Amino acid sequence: MLEGLEPPQKAFHCKVATVLHELDADDEQILLQALADEGRWPAYTLSQALKSKGVQLGDTPIRNHRRGSCRCRFA
């Protein structure tokens, strides 16, 4: 009866991925474009702009996500 019983896979995401998942499709695209444009949107500048819109996302998680060194990279 319990053949093949295994624990569920854990899904870990960084703060950036969590925020992206919570946004509607249009806002998600806007943030993805901003994340891709490091010249126009340095991490600190993007973080402050997001905070002014009510999105709490620090510059360190943004930097880590851009580098691919965040938790969601290894999920």
Side-chain angles (χ1 to χ4, degrees):
M1 174 172 77
L2 299 178
E3 306 81 30
L5 180 68
E6 294 183 29
Q9 283 190 320
K10 293 181 180 178
F12 296 103
H13 301 287
C14 72
K15 179 69 174 175
V16 175
T18 300
V19 168
L20 283 166
H21 180 71
E22 293 171 351
L23 295 173
D24 66 34
D26 292 335
D27 287 340
E28 179 183 5
Q29 285 305 309
I30 292 168
L31 181 52
L32 285 171
Q33 290 172 357
L35 287 166
D37 191 353
E38 291 184 57
R40 186 168 175 220
W41 287 107
Y44 182 78
T45 304
L46 180 55
S47 172
Q48 294 305 303
L50 291 169
K51 285 178 185 176
S52 74
K53 298 287 188 178
V55 178
Q56 297 299 315
L57 186 57
D59 55 316
T60 300
I62 292 170
R63 278 190 207 92
N64 290 340
H65 189 81
R66 283 176 166 169
R67 277 188 247 144
S69 61
C70 58
R71 290 188 299 174
C72 69
R73 176 78 172 177
F74 304 103

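This structure is a prediction, so every number in the text was calculated from the model and none was measured.
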Of all the heavy-atom pairs spanning [X] and [Y], show the shortest one and how long it is.
| X | Y | answer |
| --- | --- | --- |
| Ala34 | Arg66 | O-NH2, 3.0 Å |
| Gly58 | Pro61 | O-CD, 3.2 Å |
| Cys72 | His13 | CB-CA, 3.7 Å |
| Cys70 | His65 | SG-ND1, 3.5 Å |

Exercise for the section: Quick one: pull up CG in Leu50 and CG in Leu57 and give me the separation to the nearest 0.5 Å. Expected result: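 So the CG of Leu50 and the CG of Leu57 are separated by 6.0 Å.
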
Exercise for the section: Scan for side chain to side chain donor-acceptor pair (under 3.5 Å) pairs involving residues 21-34, sequence neighbours excluded, and state none if there are none. Expected result: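 Those involving residues 21-34 do not exist here.
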
Problem - side chain to side chain donor-acceptor pair (under 3.5 Å): pairs with one or both residues in residues 39-59, sequence neighbours excluded - result: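 Listed once each, the pairs are Asp59-Arg63.
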
Problem - With sequence neighbours excluded, residues passing side chain to side chain donor-acceptor pair (under 3.5 Å) with Asp37 - result: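 Per chain and number, Asp37 pairs via side chain to side chain donor-acceptor pair (under 3.5 Å) with no residue.
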
Handout entry: Hydrophobic cluster partners of Ile30 (side-chain heavy atoms under 4.5 Å)
Key =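 Members alongside Ile30: none; it stands by itself.
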
